[in-house]
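To start, the structure itself, in structure tokens.
When a residue number appears, it is its place in the shown sequence, counting from 1.
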Amino acid sequence: MNFRFQLNLNLPEYNDLQFPGNSYATYNHGVRGVVIYNINNQQYAAFELSDPNHPPSSCSGMTVNGVIASCGCDDNEYNVITGELVDGEGEYTMQPYRVQRSGDLLEVFN
């Protein structure tokens with residue numbers, strides 16, 4: 001499933017993404033949602049919010065708190081900057097998406 005969406009950083013909804021160290025999660029794209037993290041205003045990280053160590057299900061969607069994405073099925077926790085598993089069990093990291101900034105627009109796509 002290919003997708004592409006844009007976020008206008010001038011809109012209040014995405015204000016947090018104007019500052020390094022902040023993230024924004026949307027549940028309207030990807031399998032179970034996408035989290036975007038501002039690394040330094042030039043580099044952004046984006047990851048799928050479906051736990052990669054579970055088949056998609058009602059509990060496999062993750063919620064974001066700070067730099068940690070937590071799975072609803074178990075205790076798996078992932079770093080939203082690197083996608084790495086930081087707590088729990090599994091062999092896979094979060095699925096990354098591409099992010100491109102052009103002026104005040106962020107484009108996220110796979």
Side-chain angles (χ1 to χ4, degrees):
M1 163 181 82
N2 288 340
F3 70 87
R4 178 180 298 265
F5 65 94
Q6 290 183 336
L7 306 177
N8 183 335
L9 297 179
N10 289 321
L11 296 176
E13 182 178 358
Y14 311 120
N15 189 56
D16 284 352
L17 284 176
Q18 292 193 33
F19 306 98
N22 287 332
S23 66
Y24 174 78
T26 176
Y27 297 92
N28 299 325
H29 302 282
V31 177
R32 291 280 184 258
V34 177
V35 60
I36 302 108
Y37 182 86
N38 182 343
I39 297 171
N40 63 10
N41 282 339
Q42 302 302 316
Q43 290 182 293
Y44 293 80
F47 292 98
E48 170 60 47
L49 283 174
S50 182
D51 188 324
N53 291 296
H54 293 289
S57 68
S58 60
C59 69
S60 67
M62 296 190 283
T63 56
V64 178
N65 186 5
V67 297
I68 300 296
S70 303
C71 178
C73 298
D74 55 26
D75 295 332
N76 285 357
E77 293 185 340
Y78 300 83
N79 181 310
V80 299
I81 305 167
T82 64
E84 293 176 335
L85 181 67
V86 293
D87 194 19
E89 293 184 9
E91 59 184 280
Y92 301 108
T93 60
M94 293 174 79
Q95 171 68 41
Y97 292 129
R98 295 179 61 191
V99 183
Q100 213 168 351
R101 182 171 181 170
S102 178
D104 290 327
L105 290 179
L106 275 187
E107 189 168 37
V108 181
F109 55 99
N110 60 353

Donor-acceptor pair, distance only, cut-off 3.5 Å: does the side chain of [X] make one with the backbone of [Y]?
{"X": "E48", "Y": "G30", "answer": "no"}
{"X": "N2", "Y": "N110", "answer": "no"}
{"X": "N53", "Y": "Y92", "answer": "yes"}

Is there a path from [X] to [Y] through hydrophobic residues (I, L, V, M, F, W, Y) whose side chains come within less than 4.5 Å of each other?
{"X": "L105", "Y": "Y24", "result": "no"}
{"X": "L17", "Y": "I81", "result": "no"}
{"X": "I68", "Y": "V64", "result": "yes"}
{"X": "V35", "Y": "V31", "result": "no"}
{"X": "I36", "Y": "V80", "result": "no"}

What are the two closest non-hydrogen atoms of [X] and [Y], and how far apart are they?
{"X": "V99", "Y": "A46", "value": "CG2-CB, 3.3 Å"}
{"X": "D16", "Y": "S23", "value": "CB-O, 4.1 Å"}
{"X": "H54", "Y": "N76", "value": "NE2-ND2, 3.9 Å"}

Within this structure, what is the [atom1]-[atom2] distance for the pair [X] and [Y], rounded to the nearest 0.5 Å?
{"X": "N15", "Y": "N22", "atom1": "CG", "atom2": "CG", "answer": "8.5 Å"}
{"X": "E89", "Y": "D74", "atom1": "CD", "atom2": "CG", "answer": "8.0 Å"}
{"X": "L49", "Y": "H29", "atom1": "CG", "atom2": "NE2", "answer": "12.0 Å"}
{"X": "F5", "Y": "T26", "atom1": "CZ", "atom2": "OG1", "answer": "5.5 Å"}
{"X": "R32", "Y": "Q95", "atom1": "CZ", "atom2": "CD", "answer": "15.0 Å"}
{"X": "R101", "Y": "N41", "atom1": "CZ", "atom2": "CG", "answer": "5.5 Å"}

(request) Flag yes if more than 12 heavy atoms outside D75 fall under 6.0 Å of its CG atom; otherwise flag no. (result) no
(message) Tell me whether the count of non-hydrogen atoms from other residues, nucleotides or ligands lying under 6.0 Å of CZ in F109 goes above 12.
(response) yes
(message) Ring centres under 6.0 Å, that's the criterion: do F47 and Y37 meet it?
(response) no
(request) If a pair satisfies side-chain hydrogen bond (donor to acceptor under 3.5 Å, both in side chains) and one of its residues is in residues 55-72, list it, with sequence neighbours excluded. (result) none
(message) Could you walk me through whether Y14 and L106 satisfy the side chain to side chain contact (heavy atoms under 4.5 Å, CB included) test, starting with their C-alpha distance in whole Å, then the side-chain angles of each, then the deciding distance to 0.1 Å, before giving a yes or no?
(response) CA-CA 10 Å; Y14 311 120; L106 275 187; over 6 Å; no
(request) Compare the SG-SG distance of C71 and C59 against 2.5 Å and report whether it is shorter. (result) no
(request) Hey, could you give me each pair passing disulfide bond (SG atoms under 2.5 Å apart) that has a residue in residues 74-110? Not counting sequence neighbours. (result) none
(request) Scan D87, T93, D51 and name whichever one has a side-chain hydrogen bond (donor to acceptor under 3.5 Å, both in side chains) with Y78. (result) D51
